[in-house]
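The figures that follow rest on heavy atoms only: side chains count, while hydrogens, waters and symmetry mates do not. Quick caveat, the model's predicted, so the values are computed rather than measured. Sequential numbering from 1 along the given sequence is applied to the chain's residues.
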Amino acid sequence: MKKYWIITFGCQMNHSDSERIATVLENIKYQPALNMNEADLILVNACSVRQSAIDRIWGQTKKFQKLKTKNSELRTVITGCVLKKDKGKFAKNFNLVLDINDLPELPEKLLTIKQFSNLTIKDSALQNESYLRIEPEHSDNFSAYVPIMTGCNNFCTFCVVPYTRGREISRPAKEIICEVQNLIKRGYKEIWLLGQNVNSYKFKGANFPKLLNMVNDIGGDFWIRFTSSHPKDFSAELINIMASCEKVTEYLNLPVQSGDDEILKKMNRPYTMEIYKNIIRKIRKKIPNITLSTDVIIGFPGEKEKAFENTVKLFKEIKYDMAYISQYSPRSGTKAANFKDDIPRLEKERRWKILTNILRKTALEKNKKYLGKTLDVLIETERPRTRSVGQAGSVRDRHGYLYGKTRNYKTIEFKGPKNLIGKFTKIKIVDAFPWRLKGEMI
């Protein structure tokens with residue numbers, strides 16, 4: 001049996017795509033390798049959002065060359081979010097460059113590689129199939145990603161997604177509902193609805209709020225989450241549906257990217273701070289216990305100190321539970337790459353630390369409110385707990401800790417039996433930290 005190894009970079013959508021890639025490979029009798037060293041086929045699912053992601057891929061190609069000296073039959077494929085201008089460069093280092101939309105054609109395209117010329121694919125049920133209709137080989141049996149759309153129409157000046165994924169295409173609502181129903185029948189407890197701009201979903205008479213309502217009406221005990229949202233499409237209808245649907249969890253990631261109107265304009269983000277903050281006010285009025293996270297870019301070209309201070313003010317006012325704070329770096333192929341990268345690296349690091357410190361304080365303040373409360377938790381994994389021991393570094397407890405998420409996406413740590421993984425469990429909160437809560441079984 002030939003073996004495959006998938007390396008995934010990027011967002012939840014890429015991880016979901018990798019699950020479909022696994023299905024295609026296993027349909028032609030490949031099996032997953034235990035590690036990259038024993039693979040006959042290595043497939044990289046690429047992210048092109050940041051230059052650093054592309055740089056990491058180039059780092060991987062050096063490893064592949066070493067492996068090929070040990071296994072001359074090893075072949076490599078790259079797919080995912082790949083810019084057109086990068087495909088030619090990757091073609092020199094990979095045996096096959098595959099557009100993710102052409103995933104159903106992967107078996108046929110492998111035939112063009114000499115080492116795979118003996119593949120038998122004539123009985124494949126995946127040929128001529130839209131890749132999002134391929135049933136994924138899920139990585140676990142309790143939480144599943146369900147893409148509802150792909151592509152983006154927004155053309156933010158810092159982002160290449162519209163150039164790698166193309167324009168927005170929404171899946172038929174019936175197809176999505178059928179996929180979710182099958183997952184619930186198999187015992188899944190958490191459904192993530194995915195899209196590059198998930199709340200712009202639209203297929204015939206169904207928009208995103210209507211789709212959420214339809215998924216909520218599916219029978220069973222499960223939670224609904226979604227990502228990633230865009231403020232420009234966040235309607236009052238969506239807020240009302242989130243508040244009224246019992247299975248839609250109290251968690252929202254709403255990327256702001258900057259707290260300054262002028263920088264937002266340079267980013268081609270079609271909203272102002274007043275519009276953004278008004279959305280937050282409406283959400284918190286309807287869903288008081290919601291957990292809010294955001295994405296923000298610091299050091300964007302032209303972000304003077306006053307513009308950064310507006311982002312600082314936003315963080316202090318909104319009091320996010322979590323934020324994904326990135327330091328701007330030019331990404332070739334975007335409009336912003338033509339702007340002067342005029343914020344020094346050390347200044348970007350200084351600004352990152354300021355926002356992180358604000359976030360740490362507000363996150364701890366919010367988490368302390370859960371002390372003494374009993375919460376429903378979906379247990380996700382077991383891992384040893386790392387304890388700090390001063391100058392000696394850190395050690396791991398002998399006994400593993402279980403980790404899970406609450407409805408509003410708070411990370412819970414507690415000791416318990418491994419058979420709880422994938423189940424809902426009631427946990428009493430006994431301690432609070434900025435990025436997690438510690439609990440006890442009741």
request  = Determine whether the side chains of Glu168 and Ser200 contain a donor N or O and an acceptor N or O closer than 3.5 Å.
outcome  =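 Per modelled atom types, Glu168 and Ser200 side chains form a pair under 3.5 Å.
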
query = How about Asn207 and Glu237: does a side-chain donor come under 3.5 Å of a side-chain acceptor?
reply =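 Short answer, yes.
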
query = Which atom pair, heavy atoms only, marks the closest approach of Gln65 to Asn93?
reply =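 So the two residues come closest at NE2-O, 4.3 Å.
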
request  = Can you see which heavy atom on Arg331 is nearest to which on Ser48, and at what distance?
outcome  =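 So the minimum-distance heavy-atom pair works out to NE-O, 2.6 Å.
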
task = Verify side-chain hydrogen bond (donor to acceptor under 3.5 Å, both in side chains) between Arg360 and Thr356, making sure each step is shown before the conclusion.
result = CA-CA 6 Å; Arg360 183 179 289 109; Thr356 300; over 6 Å; no

Under a 4.0 Å N-O cut-off, is there an ion pair linking [X] with [Y]?
X      : Y      : result
Arg165 : Asp17  : yes
Lys405 : Glu190 : no
Glu250 : Arg407 : yes
Glu349 : Arg345 : yes

ask   = Relative to the ring of Tyr30, is the ring of Tyr4 parallel (under 30°), tilted (30 to 60°) or perpendicular (over 60°)?
value =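 Tilted: the ring planes of Tyr4 and Tyr30 meet at 30° to 60°.
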
key: Parallel, tilted or perpendicular: rings of Phe155 and Tyr163 (30°, 60°)   =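 Taking Phe155 first and then Tyr163, their aromatic rings stand perpendicular (interplane angle over 60°).
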
request  = For Asp260 and Asn310, indicate whether the former's side chain and the latter's backbone hold a donor-acceptor pair under 3.5 Å.
outcome  =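 Between the backbone of Asn310 and the side chain of Asp260 there is no qualifying donor-acceptor contact (under 3.5 Å).
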
task = Ignoring hydrogens and angles, tell me if any N or O in the side chain of Asn95 forms a donor-acceptor pair with the backbone of Val77 under 3.5 Å.
result =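 No, Asn95 side chain to Val77 backbone: no donor-acceptor pair under 3.5 Å.
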
inquiry  = Using a 6.0 Å distance limit plus a 45 degree cone around the ring axis, check whether Arg186 lies over the aromatic ring of Tyr188.
reply    =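 Because its charged atom misses either the 6.0 Å distance or the 45° angle limit, Arg186 does not stack over Tyr188.
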
request  = Please name the residue in the list Tyr320, Tyr409, Tyr251 that meets the side-chain hydrogen bond (donor to acceptor under 3.5 Å, both in side chains) test with Ser293.
outcome  =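 The option that passes is Tyr251.
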
